[in-house]
Amino acid sequence: MHEGILADLETGKHIALVSDAGTPGVSDPGVLLVARAREAGALVEAVPGASALTAAFSISGIIGNGFVFIGFVPHKKGRQTFFKEIAEEERPVIFYESPHRIIKTLTSLAEILTPKQNKGDEGLPIDWKVIVARELTKMFEEVVEGTPEEVLEYFTLNPDKVRGEFVVMVT
C-alpha cells in the first residue's frame, strides 16, 4: 500500500492523511507512512492544529507512541543540565527554541550528544537524530533532519532560515 502512495507523491500528487484515531502519526499507524514518505524525500507538511508540538511530532516520522516534552531551553542557569538530561533520555525529547538561541542550542546538542550505544544485536554506536521543524503551517514551513552536527551546519550556512518558531525533536 505504501508503495502506491509513494509513487503518487513522486508524480507530484498531493495526499492528505486522515485518521479516525486522532492526530495521524501520534500513537497511530499513520506514522509508518509518514516515516516512509520522509525517507523517500517526499515533502510532508503539517495541517494547522492546536499546537506546534503535535503538528511537528505528527510529521517527524518518529516511530513510537511516547515522547518527553520539556518546554523551552533554559536561558542561562541549567542549560548544561538540560542537555545532559536529553542525552540520558531513552524516549524522543521535544522542546521549543527561539531564533535568537537556536544556533547556541544546536551547538550544545552537537557537543553533548555523542553516539549512543545501540541496544540491538551488534551493539554498535548509533548517531542521534535531530529534527527541527520551523514555521509550521506557515508559508516558510521547513523540516530539517540529520545528526546534531548536520543540522547545526545547515542553519549556520543558511542564516536566512534562522527565524520563526522552532520545534526541536531529538531521538
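Along the sequence shown, residues carry numbers from 1. Note: hydrogens, waters and symmetry copies are ignored here, and every other heavy atom, side chains too, is used.
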Undergrad: Is there a path of hydrophobic side-chain contacts, each under 4.5 Å between heavy atoms of I/L/V/M/F/W/Y residues, joining Val68 to Ile94?
TA: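 No; Val68 is not reachable from Ile94 via cluster members.
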Undergrad: Quick one: closest heavy-atom pair of Val44 and Ala37, and the distance?
TA: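 So the two residues come closest at CG2-CB, 4.1 Å.
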Undergrad: With a 4.5 Å cut-off on side-chain heavy atoms, are Ile131 and Val144 touching?
TA: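 Of all side-chain heavy-atom pairs linking Ile131 with Val144, none is under 4.5 Å.
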Undergrad: Specify the closest pair of heavy atoms between Glu145 and Ser60, including all atoms of both residues, with the distance to one decimal.
TA: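 Closest approach of Glu145 to Ser60, heavy atoms only: OE1-O, 4.5 Å.
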Undergrad: Under a 4.0 Å threshold between the charged nitrogen and the carboxylate oxygen, would Lys104 count as salt-bridged to Glu97?
TA: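 No.
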Undergrad: What pairs of residues pass the salt bridge (Lys or Arg N to Asp or Glu O under 4.0 Å) test when at least one of them lies in residues 75-89, not counting sequence neighbours?
TA: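 Found Glu89-Arg91.
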Undergrad: Do Phe155 and Val170 land in one hydrophobic cluster if side-chain heavy atoms of ILVMFWY residues count as linked below 4.5 Å?
TA: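 Same cluster: Phe155 reaches Val170 through Ile, Leu, Val, Met, Phe, Trp or Tyr contacts under 4.5 Å.
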Undergrad: Got Met169 and Ile62 here, is their nearest side-chain heavy-atom distance under 4.5 Å?
TA: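 Yes; the side chains approach each other to less than 4.5 Å.
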Undergrad: Any heavy-atom pair between the side chains of Leu106 and Glu153 that's under 4.5 Å?
TA: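 They are not in side-chain contact.
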Undergrad: Using every non-hydrogen atom in the two residues, find where Trp128 and Ile86 come nearest and quote the distance to one decimal.
TA: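 Closest approach of Trp128 to Ile86, heavy atoms only: CH2-O, 3.7 Å.
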Undergrad: If I compare all heavy atoms of Leu136 with all of Ala52, which pair ends up nearest, and what's the gap?
TA: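 So the two residues come closest at CD1-O, 3.6 Å.
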Undergrad: Please give me the minimum heavy-atom distance between Ile103 and Leu152, naming the atom from each residue.
TA: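 That would be O-CD1, 3.9 Å.
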Undergrad: Arg163 and Glu135: salt bridge (Lys or Arg N to Asp or Glu O under 4.0 Å), yes or no, with the steps?
TA: CA-CA 8 Å; Arg163 58 177 73 168; Glu135 292 290 277; over 6 Å; no
Undergrad: Over 60° means perpendicular and under 30° means parallel, so classify the ring planes of Phe67 and Phe57, tilted if in between.
TA: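 Taking Phe67 first and then Phe57, their aromatic rings sit tilted (interplane angle of 30° to 60°).
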Undergrad: Would you say the side-chain atoms of Thr105 and Ser108 include a donor-acceptor pair closer than 3.5 Å?
TA: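 There is no such pair (donor and acceptor under 3.5 Å, judged by atom type) between the side chains of Thr105 and Ser108.
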Undergrad: Pairing donors with acceptors under 3.5 angstrom, does anything connect the side chains of Tyr154 and Glu149?
TA: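 Glu149 and Tyr154 do not have a side-chain donor-acceptor pair below 3.5 Å.
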Undergrad: Start with the C-alpha distance between Val168 and Tyr96, add both sets of side-chain angles, then the distance that settles side-chain contact (heavy atoms from CB on, under 4.5 Å), and finish with yes or no.
TA: CA-CA 6 Å; Val168 180; Tyr96 295 144; over 6 Å; no
Undergrad: For Phe72 and Phe166: C-alpha separation, side-chain torsions, deciding distance, then whether ring-ring contact (aromatic ring centres under 6.0 Å, His included) applies.
TA: CA-CA 10 Å; Phe72 278 92; Phe166 292 87; over 10 Å; no
Undergrad: Looking at side-chain heavy atoms only, is the closest gap between Phe95 and Val167 below 4.5 Å?
TA: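 Side-chain contact under 4.5 Å: no.
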Undergrad: Linking Ile, Leu, Val, Met, Phe, Trp and Tyr through side-chain heavy atoms less than 4.5 Å apart, which residues share a cluster with Phe140?
TA: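 The other cluster members (ILVMFWY side chains, heavy atoms under 4.5 Å, direct or chained) are Met139.
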Undergrad: Provide the closest heavy-atom pair for Phe69 versus Leu53 in the form atom of the first, atom of the second, distance.
TA: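 Closest approach of Phe69 to Leu53, heavy atoms only: CD1-CD1, 3.6 Å.
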Undergrad: Taking side chain as C-beta onward, heavy atoms only, is Arg134 less than 4.5 Å from Lys161?
TA: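 Contact flag for Arg134/Lys161 side chains = yes.
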Undergrad: Would you say Val151 and Leu109 make side-chain contact, with heavy atoms under 4.5 Å?
TA: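 They are not in contact (no side-chain heavy atoms under 4.5 Å apart), so the answer is no.
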Undergrad: Going through the distances and angles, do Glu141 and Ile59 end up as a side-chain contact (heavy atoms from CB on, under 4.5 Å)?
TA: CA-CA 12 Å; Glu141 178 177 314; Ile59 64 169; 4.1 Å; yes
